Protein chains: 2
Amino acid sequence: MGATKTDHFTGKQNQIATLAKALGHPARVAIIEYLLKVNACICGDIVNELPLAQPTVSQHLKELKNAGLIKGNIEGNAICYCIDEKMIDKLLNYFSGISSKLNKQKNNCC
Amino acid sequence: MGATKTDHFTGKQNQIATLAKALGHPARVAIIEYLLKVNACICGDIVNELPLAQPTVSQHLKELKNAGLIKGNIEGNAICYCIDEKMIDKLLNYFSGISSKLNKQKNNCC
DNA sequence: ATTTAACATTGCAATATTACGATAAAGAAA
DNA sequence: TTTCTTTATCGTAATATTGCAATGTTAAAT
């Protein structure tokens with residue numbers, strides 16, 4: 001075992017889980033926040049910002065990219081990473097939906 | 001290695017990562033959605049809803065509870081689980097903040 | 001007191017994740 | 001061309017996660 005049983009769940013459930021999982025590590029949260037802070041999507045100094053070795057950062061970037069949360073453009077010999085708004089909005093919509101449903105049903109049981 | 005270096009990141013980054021990680025599995029997303037659907041926080045038939053054995057579901061519930069996303073009340077010999085609005089709102093606010101910042105800075109680089 | 005029902009816990013096997021040193025790849029600069 | 005800079009990939013060790021069978025635990029029901 002150790003392998004997630006993805007095929008028993010809906011596509012949407014798996015997609016939300018994939019996005020959430022990608023943000024399930026503080027380094028990747030920090031990367032997103034750094035990309036947000038530097039506005040222009042300045043590149044490889046992400047490594048200098050994080051307390052992690054370069055291969056580790058590269059790996060985290062890859063996972064964020066696979067999940068679709070960031071995009072990367074090659075620019076000379078450097079790479080320009082930036083946040084993909086669409087996926088952030090997907091998460092925002094998801095939690096927004098949950099929150100409004102919760103408010104409607106006034107769940108006062110627990 | 002294999003252990004996350006949590007102490008090098010901020011408390012907030014770690015908290016968002018913890019919440020996201022808890023939702024980083026389709027079964028746990030499905031549990032949240034089921035709890036949302038049944039409004040009244042009906043209890044142990046979560047096991048019947050999911051394609052997983054009872055101990056596995058119990059473990060997923062425990063992780064959601066540890067992250068603070070759900071609460072559990074003992075009710076006779078059954079247990080009443082329900083969503084904790086506060087944590088959902090924390091995630092909602094977080095992504096809302098990112099989204100609005102992205103809209104302001106019109107990041108047109110990638 | 002026994003049995004049943006609902007969950008939790010333990011123990012274990014299979015797999016995934018995290019982290020990094022070493023090395024490769026590819027373009028820029030000299 | 002050689003060297004430097006930037007990023008990716010490989011290999012590997014340490015640890016975490018996932019999943020379930022077996023077993024506890026607790027309280028209701030008989």
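Only a predicted model underlies this, so the values are computations on that prediction, with no experimental measurement involved.
- Ring planes of B:His60 and B:His25: tilted class, angle from 30 to 60°.
- Taking every side-chain heavy atom of B:Glu63 into account, D:dT18 is the closest of D:dT18, D:dG19, C:dA19.
- Dashed line: the shortest gap from a side-chain N or O of A:Lys21 to OP1 or OP2 of C:dT17 is under 4.0 Å.
- Rounded to an integer number of Å, the gap from B:Ile31 CD1 to D:dG19 P is 10 Å.
- With contacts defined as side-chain heavy-atom distances shorter than 4.5 Å, the pair B:Lys90/B:Met87 qualifies.
- We find that CG of A:Asn73 is positioned 13 Å from P of D:dA8, with the value rounded to whole Å.
- Judged by atom type and distance alone, B:Asn77 does not reach the base of D:dT26 through any side-chain donor-acceptor pair under 3.5 Å.
- One atom, CG of B:Leu61, and another, P of C:dA8, lie 7 Å apart when rounded to the nearest Å.
- Phosphate proximity of C:dC7 to B:Ser58: absent, as no side-chain N or O sits under 4.0 Å from OP1 or OP2.
- Looking at heavy atoms from C-beta onward, A:Ile31 lies in side-chain contact with A:Leu50 at the 4.5 angstrom threshold.
- In this structure, A:Glu49 atom CD and D:dT6 atom P are separated by 15 Å, rounded to whole Å.
- Comparing A:Thr56 and B:Gly24 against DNA chain D, the residue whose closest nucleotide sits nearer the 5' end is A:Thr56.
- Closest approach to the A:Arg28 side chain among C:dA19, C:dT18, D:dC20 is made by C:dT18 (side chain taken as heavy atoms from C-beta onward).
- One N or O donor and one acceptor, one from the side chain of B:Gln54 and one from the base of C:dA8, sit under 3.5 Å apart.
- With C:dA19, D:dT18, D:dC20 as the candidates, the nucleotide lying closest to the side chain of B:His25 is D:dT18.
- Side-chain proximity of B:Ala78 to the nucleotides C:dA6, D:dA16, D:dA21 is greatest for C:dA6.
- Checking side-chain atoms of B:Gln105 against main-chain N and O of B:Leu102 turns up no donor-acceptor pair under 3.5 Å.
- Counting to the nearest Å, the P atom of C:dA8 and the CG atom of B:Leu64 are 12 Å from each other.
- The shortest heavy-atom contact between A:Thr6 and A:Asn14 is O-ND2, 2.9 Å.
- As rounded to whole Å, 12 Å separates atom C1' of D:dT7 from atom NZ of A:Lys62.
- The side chain of B:Pro55 lies closest to D:dA22, out of C:dG21, D:dT18, D:dA22.
- OP1 or OP2 of C:dA8 has at least one side-chain nitrogen or oxygen of B:Tyr81 nearer than 4.0 Å.
- Under 4.0 angstrom from either OP1 or OP2 of C:dT17 there lies no side-chain N or O belonging to A:His60.
- Here the P atom of nucleotide C:dA26 and the CD atom of A:Glu75 are 19 Å apart, to the nearest Å.
- Within the 4.0 angstrom heavy-atom criterion, base atoms lie near A:Gln59.
- Using a 4.0 Å heavy-atom cutoff across all strands shown, B:Leu52 reaches sugar-phosphate atoms only and no base atom.
- If you check the side chains of A:Glu33 and B:Tyr94, you find a donor sitting under 3.5 Å from an acceptor.
- Nucleotide C:dA25 holds its C1' atom 11 Å from the CD1 atom of A:Ile79, rounded to whole Å.
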